[in-house]
Amino acid sequence: MSSKVRVRFAPSPTGPLHIGGVRTALYNYLFAKKHGGDFLLRIEDTDQTRYVPGAEDYIIEALKWCGISPDEGIGGEDRGNGPYRQSERKPMYMDYVNELVANDKAYIAFDTAEELDQMRELAKAAGAANWQYNYITRGNMKNSLTLPKEEVEAKIAAGEPYVVRIKLPRDHEVRFEDIIRGWVSVNTNNMDDKVLMKADGMPTYHLANIVDDHLMEITHVIRGEEWLPSAPLHIMLYEAFGWESPSFAHLPLLLKPDGPGKLSKRDGDRLGFPVFPLEWTNPETGDVASGYREFGFFPGSFLNMLALLGWNPGTEQEVFSLEELVQAFDLSKVSKSGAKFDFEKGKWFNQLYLRKLNETELASLLKTELDKAGYSINEAHLGKVATMMSERATFPQDLVNEGTYLFERPSAYDEKALKKWNDESPAMVGDLIARFDALENFTEAEIEASFKAYLAEKELGFGKVGPVFRLAVTGMGMGPSMFTICEVLGKKETLARMNAAVEALA
RNA sequence: GGCCCGUUCGUCUAGCGGUCCAGGACGCUGCCCUUUCACGGCAGAAACACGGGUUCGAUUCCCGUACGGGUCACCA
């Protein structure tokens, strides 16, 4: 009888979540929902020096925008496993650390950060490999393993700062089966006695993580590959406590599209696209980093894009709603190697999502964008214009930007299109003005019929008059059907523009 | 550098010993549609890192090399 699936996303509030973090949260969410389990959000803020105000709210808002809010924990329900912020759990960790020390699974160490740095430098100067605080070196350091018991007690009584380190056994092969990578094996000889509790009394990530995952009954730990090297330590910790370890799944990293390395927060807008779900203003510098939401992405397309970065269902389906992702998701189909992030594919997804919208939805998007840009049009035309512009838009703002001539008179004429304008043009436009002016209902169909009748009468080709007509009305050399544009503009405005063009370009 | 993980088109990837002179998608190129642009349709270029094994047979299994990534804090 297996217990209920419970997973957690446990970010550190050191700044905005980047898209790699969002993907980790997404995979956790998908896995939980697929198995009818719980998705928790825990804040790992054991490092007080790195706390960034606003980061926690940002994380909650980002998940909410994506539609993958946690069931339990920060931003979700408190189901009695809280607090869900590690800084608020500080007193709880002490007992566990003491238990480990009492059972000879951990020890107290007095070495200062400076002394440790010195050891590392010395080792480096001697050309040795990494200096490690381990089964060999701990015998020469200042700790409860080397110092007499009375001295240890005296130091503690005197208020001397100390840390607690795990006491790793010598030459022990640590093995665990990663859901994505299969068996991973590391010898304790290559590991060191990591600090479990810092001098300030706060646990390190390693200790807090294990204690909390155990207490919160986490069944599956799904996290980035950057944690793979410390997974053996975590296994040792579970063993030290005598607890059953959860299953692990280490996700491949999101890599920079250009140079080497993983996509990082610092990449910001250097690459010409957002790396954060929502816009973020650095509270210290005031710098603003763009977000996918503000860039015009839909939560659905954003998630769809992220989901396929490192996972695929094994079929040729690429477009998924969140519900479909839940159904199709499978951790064993997550790939092993890192994925270079490709913004072009993301844009494609957004374009696809935009086109799936119906006329009412598009009209509402257009209205919002028009308001933002300070434009307004006859509400009756909203749907027509939105639909017309949607096929050349990737983002909602393109609905306006790709056709500003629909909302204001052209202030200039496109240089390239201007080449189509010649000596005969004013007369042609003049003829059209006269014809259009006579139209009863200035509708798309009527305008088209009138225009074509004119072509037939003068025995002119569409290519001869069309571009000139377009230039006069929109100032452009390309765009959607002129007849639709004219109907939207209305007779008065269309004729006014044509007259203005004749005057300006004569 | 030590340790760990990985390696199929430019990119994301399918492939779990013969179905693969390797499939899909983004991007790119060409053609068609079209007054133009866009959309759409069609077509095309484009990859199994290398070397050894194992096997009747390797993209698929094993080993090595190369390359890439991660990690080596009283940060997570």
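OP1 or OP2 of A14(B) lies within a sub-4.0 Å distance of a side-chain N or O belonging to Asn312(A). Contact annotation: Thr14(A) does not reach the phosphate of A76(B) (side-chain N/O to OP1 or OP2, under 4.0 Å). For Lys340(A), no side-chain nitrogen or oxygen approaches OP1 or OP2 of G6(B) to under 4.0 Å. Distances shown here put every side-chain N or O of Lys347(A) at or beyond 4.0 Å from the OP1 or OP2 atom of U11(B). Contact annotation: Arg165(A) reaches the phosphate of C74(B) (side-chain N/O to OP1 or OP2, under 4.0 Å). For the OP1/OP2 pair of C74(B) and a distance below 4.0 Å, the side-chain nitrogens and oxygens of Arg120(A) include at least one atom meeting the criterion. In this model, the phosphate group of U35(B) is not approached by any side-chain N or O of Ser481(A) to a distance below 4.0 Å at OP1 or OP2.
One interatomic measurement links the two molecules: CD of Glu226(A) to C1' of U71(B), which rounds to 10 Å at whole-angstrom precision. Between Tyr93(A) atom OH and A76(B) atom P the separation is 11 Å, expressed in whole Å. Look at CZ on Phe273(A): it is 13 Å from P on C12(B), rounded to the nearest Å. The distance from atom CG of Leu354(A) to atom C1' of C39(B) is 12 Å, rounded to the nearest whole Å. Atom CZ in Arg23(A) sits about 12 Å away from atom C1' in C12(B), given to the nearest Å. Computed from coordinates, the Phe349(A) CZ to U11(B) C1' distance equals 13 Å when rounded to whole Å. If you measure from atom CD of Gln48(A) to atom P of C74(B), you get 16 Å, rounded to the nearest angstrom. Atom CZ in Phe343(A) sits about 17 Å away from atom P in C12(B), given to the nearest Å.
Within the nucleic acid shown, Asn130(A) comes within 4.0 Å of at least one base atom, counting heavy atoms only. As judged by a 4.0 angstrom heavy-atom cut-off over every strand, Gly310(A) is placed among residues touching the sugar-phosphate backbone only. Here Thr315(A) lies out of heavy-atom contact (under 4.0 Å) with every strand. Residue Asp111(A) is classed as a base contact, given a heavy-atom separation below 4.0 Å to a base. Residue-level contact check: Met482(A) touches the bases, meaning some heavy atom is under 4.0 Å from a base atom. Arg181(A) comes within 4.0 angstrom of the backbone, heavy atoms only, and of no base. If you check every strand for non-hydrogen atoms under 4.0 Å, Val195(A) touches sugar and phosphate atoms only. Nucleic acid contact class of Ala339(A) (heavy atoms, under 4.0 Å, all strands): sugar-phosphate only. Residue-level contact check: Lys452(A) touches neither bases nor backbone, having no heavy atom under 4.0 Å from any strand.
Picking from C3(B), A76(B), G70(B) the nucleotide with the shortest atom distance to the side chain of Trp227(A) gives A76(B). Ranking C5(B), A76(B), U11(B) by closeness to the Ser12(A) side chain, first place goes to A76(B). Candidate nucleotides G27(B), A76(B), C4(B) were compared by shortest atom distance to the side chain of Glu344(A), and G27(B) ranks first. Listed nucleotides: G40(B), G23(B), C26(B). Nearest to the side chain of Arg355(A): G40(B). Across A76(B), C74(B), C12(B), the shortest atom-to-atom separation from the side chain of Leu309(A) is found for C12(B). Which of C26(B), U35(B), C75(B) sits closest to the side chain of Lys345(A) comes down to C26(B).
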Exercise for the section: Go through Lys124(A) and Glu121(A) one step at a time and tell me if the salt bridge (charged side-chain N to carboxylate O under 4.0 Å, His left out) criterion holds. Expected result: CA-CA 5 Å; Lys124(A) 199 177 169 188; Glu121(A) 273 171 41; over 6 Å; no
Exercise for the section: Would you please test Glu44(A) and Arg85(A) for salt bridge (charged side-chain N to carboxylate O under 4.0 Å, His left out) and show each step? Expected result: CA-CA 6 Å; Glu44(A) 310 224 321; Arg85(A) 247 183 300 263; over 6 Å; no
Exercise for the section: Check the pair Lys384(A), Glu359(A) against salt bridge (charged side-chain N to carboxylate O under 4.0 Å, His left out), reporting the backbone distance first and the verdict last. Expected result: CA-CA 8 Å; Lys384(A) 194 188 256 296; Glu359(A) 187 169 311; over 6 Å; no
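Residues Gly479(A) and Asp47(A) both approach RNA chain B. Their nearest nucleotides, taken by heavy-atom distance, put Gly479(A) toward the 5′ side. Heavy-atom distances to RNA chain B give each of Met197(A) and Gly182(A) a nearest nucleotide, and the one nearer the 5′ end belongs to Gly182(A).
Between Phe343(A) and Trp348(A), the distance from one ring center to the other does not fall under 6.0 angstrom. Residues Tyr135(A) and His172(A) place their aromatic rings such that the two centres sit no closer than 6.0 Å. With ring centers used as reference points, Phe273(A) lies 6.0 Å or more from Phe295(A).
If you check the side chains of Asp212(A) and Tyr93(A), you find a donor sitting under 3.5 Å from an acceptor.
Using C1' as the reference atom, A47(B) and A25(B) are 15 Å apart when rounded to the nearest Å.
Nucleotide G2(B) is matched to U71(B) when pairs are restricted to Watson-Crick or G-U wobble geometry with both distances under 3.5 angstrom. In this structure, A43(B) and U29(B) make a Watson-Crick or G-U wobble pair, each of the two defining distances being under 3.5 angstrom. Base pairing analysis places A49(B) opposite U65(B); the two distances defining the Watson-Crick or G-U wobble pair are each below 3.5 Å. Base pairing annotation: A38(B) forms no Watson-Crick or G-U wobble pair, as no partner gives both donor-acceptor distances under 3.5 Å. Nucleotide U59(B): unpaired (no Watson-Crick or G-U wobble partner with both distances less than 3.5 Å). With both pairing distances under 3.5 Å, C20(B) is matched to nothing as a Watson-Crick or G-U wobble pair.
At a cut-off of 3.5 angstrom, counting only N and O atoms as typed in the model, there is no donor on one side facing an acceptor on the other between the side-chain of Lys194(A) and the base of A73(B).
Thr137(A) places a side-chain N or O within donor-acceptor distance of the main-chain N or O of Asn134(A), the cut-off being under 3.5 Å. With hydrogens and angles disregarded, no donor-acceptor distance shorter than 3.5 Å links the side chain of Glu408(A) to the backbone of Tyr405(A).
Applying the 5.5 angstrom centroid cut-off and the 30 degree plane-angle cut-off, the aromatic ring of Phe462(A) is stacked upon the base of U35(B).
Of the listed residues (Thr394(A), Asn350(A), Leu354(A), Leu352(A)), just one forms a side chain to side chain contact (heavy atoms under 4.5 Å, CB included) with Ser301(A), and that residue is Asn350(A).
Around the CZ atom of Arg170(A), the shell of radius 6.0 Å holds no more than 12 heavy atoms that belong to other residues, nucleotides or ligands.
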With 3.5 Å as the limit, what N/O pairs link the protein to nucleotides 64-69 of chain B?
from	atom 1	to	atom 2	distance (Å)
G69(B)	OP1	Gly261(A)	N	3.4

